[in-house]
Every structure is written in C-alpha cells, then in structure tokens.
Amino acid sequence: MQVLQQVQFLLQITHSRSIIRRYFVVNGFDGALTILGMITGFQVSGESNIHVIISACFGAAVALTVSGLTSAYMSEAAEKQKDLSELQEAMVADLSDTNHARAAKIVPFLVAAVNGFAPFLFSLLILTPLWLAKANLLVSVNPLVAAILVALMLIFLLGVFLGRVSGAFWLWSGVRTLIVAVLTMLVIMACSV
Amino acid sequence: MIQVKRLVLDILKPHQPNALDFARAIAAQGADYRVHLTVQEVDEKTESIQLVIEGNDIQFEAVAETISSHGASLHSIDEVEVCSHSHPGSGE
C-alpha cells in the first residue's frame, strides 16, 4: 500500500498521470488497430492456417511492445532529467537525494511499461479467439471473425474511455473510434481486391 | 529536558508537491503537529513559503529531513518557542 502511495506521489509531482493515460490510449489503440488490420488481411486473403496467423500477429504484438517500451523510456528519461536539471537551477540546490530525483528515475520506467504493455494487452485479448480455436475450444464460430469483433469492441471501449476522460458523450466518442477502425478495415479490403 | 513547541520556518520549495501535500508531509512527522503554511511568493518553478509548526515536542531533524526529501530548502528559522521541563525527582 505504501509503495502504491509513493508511486502515486511521484506521478503527481511530475504531472505524469495524464501522460500515462495518453500513452495507454495511444499505444493501446495502435496495438488493437495493427492486429485488427493483420487479421482483416488474413481474412481477406483467405489464409486459414491458424498457426501462421497467431505467429504473425504475436510477432507484431511483441515488436509493438518492445518499440513502446524503449521509445517511451528514452524520451521520458530525457524529459524528466531535463525537468530535474531546470528545477535544480531554479532551487540553486542539489536535488539528487529528493523525491524529484527518485521520480526522474522511476517515472520513465512506469511510463515505458504502460506504453509497451498496453498494445501487448490489447493484442493478446484480440488473439484470444484464435488461441481458443487452436485449442479446439471455439468450434462453431470463425475465429478470425471473432477476433475482429473482439478488436472492434476493444477499440469502441477505448473510445468510451477517452469520452469519459474528456467529459464528452461516451457513446459518440466510442462510435468515433469505431468508425476509424471500420474505415481501416475497408481500406485493407479495398487494397486486397 | 528541552521541548520545541513552535517553529516558524522560511522555505523555498518547488511547486510540486503542492502546499497541501507538503503541509501534510510535515504534519505526518508528529502525532500532534499543527502546521500552518503560507505561500509568500510564487516564481516560475519555485515558491517561497512560511511554515508554522506547533506541537508538544517538535522533532526538528525529522522536519528538516522531510523538507529536503521533498526538494525544498530551509532558508532560515525565523521564530522558535521552546520549553524546559524538569524530570520528577531529578532535582532540576
């Protein structure tokens, strides 16, 4: 409990809550849309080998995760170090043994973790029907169609979450992100014809 | 035995943690601390505050440690109120 409070405190003094929320939505959306695009492509192309589809999508999910982890860590670490240096100048003091220095070290890891694992989480959820089909637990439904439906539902929920954050009407916000996903699918289908 | 009852401190602190969290952190250092914080001047990245702490036995070292761990600098001790208490039977 104390660790959680300390983390919340460090996020507060660095104003990082909104950054984390933004990264979660942006990269989560990235992950969901990427896997949706791949699965749509497999569906359109008539690929039916579930092992190939899972491997390709899982590979993309891992790549998105590593990319999210490293890019967010490097950019956030640089930003937080800059903020700390500026604060030290303003305070005319060495802040290396303060909560601000701890925040400059720890917060980039937290931001990177959210940025990296958000697309991974969304990708895993979208791939769940494919794994179920591979384990013969999903027999009456086309696993690709089920995965596409899961992806559309997650993208809609991300929109709802954004709507709640901004105070906008949640349904319109959800539908808006859903429209983006459907347009992406239509473009992929058009290109595959 | 000397007990510190009241301190008035002049402090320069970053904007974060804010005045409420900063005062809470100081108050948490004692069971009966009463903290009064006044923001006196606000700059781009820092603010000067006056901190009045009242308690039965203020532990200055713990207060100073909390101030520095929150990135703030103690500029001066502007007022002090201390009391001496003789131990029963010590003859002081």
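Numbers restart at 1 for each chain; the letters A, B, ... are given by sequence-line order, proteins then strands.
Hydrophobic clustering (ILVMFWY, side-chain heavy atoms < 4.5 Å, transitive): Leu36(A) and Val175(A) are in one cluster. Under a hydrophobic-cluster definition in which Ile, Leu, Val, Met, Phe, Trp and Tyr are linked whenever side-chain heavy atoms come within less than 4.5 Å, directly or via other members, Val39(B) and Ile11(B) are assigned to the same cluster. In the hydrophobic clustering of this structure, Leu132(A) does not group with Ile35(A); members are Ile, Leu, Val, Met, Phe, Trp, Tyr whose side-chain heavy atoms approach within less than 4.5 Å, directly or through other members. Residues Ile53(B) and Leu12(B) are members of separate hydrophobic clusters, defined by side-chain heavy-atom contacts under 4.5 angstrom among Ile, Leu, Val, Met, Phe, Trp and Tyr.
Across all their heavy atoms, Leu87(A) and Pro14(B) have their closest contact at CD1-CB, 3.7 Å.
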Using distance alone, with no hydrogens and no angle check, list the donor-acceptor pairs under 3.5 Å between chain B and chain A.
{"unit_1": "Gln16(B)", "atom_1": "O", "unit_2": "His100(A)", "atom_2": "NE2", "d": "2.7"}
{"unit_1": "Asp21(B)", "atom_1": "OD2", "unit_2": "Gln12(A)", "atom_2": "NE2", "d": "2.5"}
{"unit_1": "Lys45(B)", "atom_1": "NZ", "unit_2": "Glu86(A)", "atom_2": "OE1", "d": "3.4"}
{"unit_1": "Ser69(B)", "atom_1": "O", "unit_2": "Asn99(A)", "atom_2": "N", "d": "2.7"}
{"unit_1": "Ser69(B)", "atom_1": "O", "unit_2": "Asn99(A)", "atom_2": "ND2", "d": "3.2"}

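For Phe117(A), the CZ atom counts as loosely surrounded, since its 6.0 Å shell holds 12 or fewer non-hydrogen atoms of other residues, nucleotides or ligands.
The ring-ring contact (aromatic ring centres under 6.0 Å, His included) analysis of residues 173-193 of chain A, with sequence neighbours excluded, yields no pairs.
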